[in-house]
J.: 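Below are the structure tokens for one structure; questions will follow.
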Amino acid sequence: MKEILHEIIKSSLKKAMNSGILGLSEIPPFTLERPKEERFGDFSTNLALIIASQLSKKPSDVAGLIVSNLNGYSNIISKVEVAGPGFINFFMTRDFWLKGLSEVIKKADRYGSLNIGANEKIQVEFVSANPTGPLHVGHGRGAVVGDVLANILKKAGYDVCKEYYINDVGLQMETLGLSTFIRYRQLFGEEIEFPQNGYKGEYIKDIARDIIFKKGDHFLKMTEREALPFFIEFTAEVILNGIKKDLSEFGVYFDRWYSEKTLYERGMVDTIINWLKEKEFVYEKDGALWLKASAFGDEKDRVVKRGSGYYTYLASDIAYHKEKYERGFKRVIDIWGADHHGYVPRMRSAIKALGFDEKSFSVILIQLVNLKRGGQVISMSTRSGEFTELAEVVREVGRDAVRFFCMMRSSDSHLDFDLDLAKKQSSENPVYYVQYAHARICSILRQTAERGIKIPDIEEKKGLSINLTPLKLPEELSIIKRILMFPELIEKMALSLEPHLITHYLLSLCGEFHSYYNKHRVVSDDTDLTNARLILVKALGIVIKNSLDILGVMAPEEM
RNA sequence: GCGCCUGUAGCUCAGUUGGAUAGAGCAACGGACUUCUAAUCCGUAGGUCGUAGGUUCGAAUCCUAUCAGGCGCGCCA
């Protein structure tokens, strides 16, 4: 919709430029917006304000010039106004909107699909929680944001790969294996002390029990050194399987699970660090190897290889990101917990050192989640044992509610997750509010079918023969306009990487529908009106369904 | 001490990347089911956009300072 008008404005601007009344050589980038108030039109542009400052002319005069070159579109534009400091406001014809509405029906589940991604390969890496314990609610938020963002990018025409990076190597893995080993021995009655930095969760004991069940006392006579490899591998695998299970129950699936260990096994970490050394982006100091991060925007240099000879996490991460680009991704998006924000400049400087465009690398930081019950915040301390597991919350309030709630706030705001609200079956609960709208629409369509009223099928009739002109109410027009905003929303979310906007869109759309539903009947004695309204409702159902699909939330047909 | 995020109605938050008179939901009060689902709707109120400067035609939005909360500042991940 917006594109059509965008082209019109550009062509009329060209006309004005060719006729010499505007001393411009190029069309500057300008925005076309949906003003928040109806009286400012359907679309508004600040074009004149932008040009005016370049030409040192009055914005309103420039606007007038542009407008005077906007002739011959009376079937699309009903009125153009210059308002305020020099905004140009466009009022579109009803035909313009009604035509758009029939497009929605024709496109159905493809409605909202765009081509702005041009099938470009893009990778979204998210969750990537260490396999040292079950996922908690904070991970869940990151999981939804990543999953939904991936869906949006797909819808926008990108070739998206969802990836989980497994930190299955290093000191923490040793600690993990040791934790299980100690528990194992304790279960046999040995009185040994549990390490201070060990993983104290109950799940470690469960895993130790499982090992006893499968292998008996086989490891009891072994030294720590002998037994550890098995305990590490076994524990990590059990935990990772648990993570995979939790995620799949949460509706989050990955295209690829990428093991850090394989980077080492393939020698990729050595290779890249050597390459950086040759480039002199890495140097030796105090027995360690340092990345010259400060030369690439970080505040200080960072260790990539410790004096002990072990690589740091950064080293394998550099190798990993290099490998991402080598696999052909034009853009790389990492979703991290906000507690890793100090790591962003470090990684960014590494990307630059590797010679990649830093604009191709984005990090989305996910802020904290506070669980609330009975108005009280449940402590979410990361101290062992005090976090709330994702699976627990999903079990309590349901997948749909968790997913929807996690998408209601921008990623960089803290999220208060009200468990009581998420379970409520009323309009206070946003997820029910939206799902109910969908169920209502399905119910209307179902019942008209039962009564033998034929739902007009636009596709059959080759599009435009269905008469939509009975849709005259301001509410109807307003709903139609919002429906037709959907592709613009997808574009905006894909470009700004702000997937949470989709819940806001759904809530306003469904609000308008509920209100309309209570005021007007879709099915009446007036056949033409009924047909037209059925189309409207059907289109609404399509947009709600498509939006919920993106969110990974069920669109129930009855409730 | 340094860095990042946040600060908007009593509460939870939007605010279209610098636009026009700052918006919703909840909580409160009053109403609406002989109706396509009342899991819904309709009506009534609330503001020094943390504070102070600055940038310009124009600032909740950008810059500086400052206050408050959160997080991070390791040869941990």
Side-chain angles (χ1 to χ4, degrees), chain A residues 31-37 39-40 44 46 49 52-53 58-59 83-87 89 128-130 132 167 170-173 175 197 260 285-290 299-300 302-314 316-317 337-345 365 367-368 370 372 375 408-416 418 421 424-433 435-437 439-448 451 453 485 488-489 492 495-496 498 500-501 504 507-508 510-511 513-524 530 533-534 537 558-559:
Chain A
T31 59
L32 203 49
E33 290 173 350
R34 302 259 193 171
K36 31 191 163 183
E37 284 190 61
R39 65 198 172 88
F40 297 134
S44 175
N46 59 352
L49 293 142
S53 57
K58 271 177 73 180
F87 291 102
N89 298 336
S128 299
N130 298 335
T132 54
N167 303 118
L171 202 63
Q172 53 162 359
M173 284 292 109
T175 310
N197 60 348
E260 180 184 9
K285 194 184 92 184
D286 305 333
L289 279 181
W290 298 73
E299 47 182 34
K300 48 184 168 180
R302 307 291 179 176
V303 171
V304 288
K305 195 175 191 176
R306 299 191 278 259
S308 61
Y310 287 101
Y311 284 114
T312 61
Y313 180 82
L314 179 61
S316 49
D317 232 353
D339 52 343
H340 288 69
H341 70 252
Y343 201 76
V344 178
L365 295 173
Q367 290 290 338
L368 216 83
N370 284 315
K372 273 169 93 176
M408 287 185 28
R409 303 279 172 260
S410 107
S411 298
D412 47 29
S413 291
H414 290 199
L415 173 69
D416 278 349
D418 188 332
L421 178 62
K424 253 186 215 165
Q425 304 202 348
S426 75
S427 60
E428 290 167 56
N429 184 347
V431 66
Y432 277 90
Y433 187 81
Q435 290 181 316
Y436 186 54
R440 258 186 167 170
I441 287 164
C442 290
S443 173
I444 296 171
L445 298 175
R446 198 165 48 235
Q447 292 197 23
T448 49
R451 286 196 217 164
I453 301 171
M485 218 181 266
E488 293 159 38
L489 175 75
K492 190 187 170 189
L495 295 178
S496 66
E498 292 177 312
H500 71 284
L501 297 174
H504 297 139
L507 286 167
S508 16
C510 293
F513 167 69
H514 283 309
S515 172
Y516 174 69
Y517 177 93
N518 272 275
K519 205 164 158 194
H520 308 286
R521 290 191 61 83
V522 173
V523 180
S524 66
T530 302
R533 285 186 174 170
L534 283 172
V537 164
E558 48 189 315
M559 289 171 80

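In what follows, chains carry the letters A, B, and so on, assigned in the order in which the sequence lines appear, proteins first and then strands, with residues in each chain numbered from 1.
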J.: For His340(A) and A77(B), is the gap between ring centres under 5.5 Å while the planes differ by less than 30°?
T.: yes

J.: With a 4.0 Å limit, can you tell me whether Arg302(A) has a side-chain N or O closer than that to the phosphate oxygens OP1/OP2 of A77(B)?
T.: no

J.: Ignoring hydrogens and angles, are the base of A20(B) and the side chain of Ser44(A) linked by a donor-acceptor pair under 3.5 Å?
T.: yes

J.: Testing the basics here: between Ser128(A) and Asn167(A), what is the closest heavy-atom pair and its distance to 0.1 Å?
T.: O-OD1, 3.8 Å

J.: Give the minimum heavy-atom separation between Met408(A) and His504(A), together with the two atoms involved.
T.: O-NE2, 3.2 Å

J.: For A24(B), does OP1 or OP2 lie under 4.0 Å from any side-chain N or O of Ser508(A)?
T.: no

J.: Looking at A20(B), which nucleotide sits across from it as a Watson-Crick or G-U wobble partner, both distances under 3.5 angstrom, or is there none?
T.: none

J.: For C36(B), does either OP1 or OP2 sit under 4.0 Å from a side-chain N or O belonging to Thr530(A)?
T.: no

J.: If only side-chain N and O atoms of Arg533(A) are considered, is one of them under 4.0 Å from the OP1 or OP2 phosphate oxygen of C36(B)?
T.: no

J.: Between C76(B) and Tyr311(A), is there an OP1 or OP2 to side-chain N/O distance shorter than 4.0 Å?
T.: no

J.: Both Lys492(A) and Lys285(A) contact RNA chain B. Taking the nearest nucleotide for each, which residue is further toward the 5' end?
T.: Lys492(A)

J.: Any donor-acceptor pair under 3.5 Å between the side chain of His341(A) and the base of G3(B)?
T.: yes

J.: Can you find a side chain N or O atom of Arg440(A) that sits less than 4.0 Å from OP1 or OP2 on A38(B)?
T.: yes

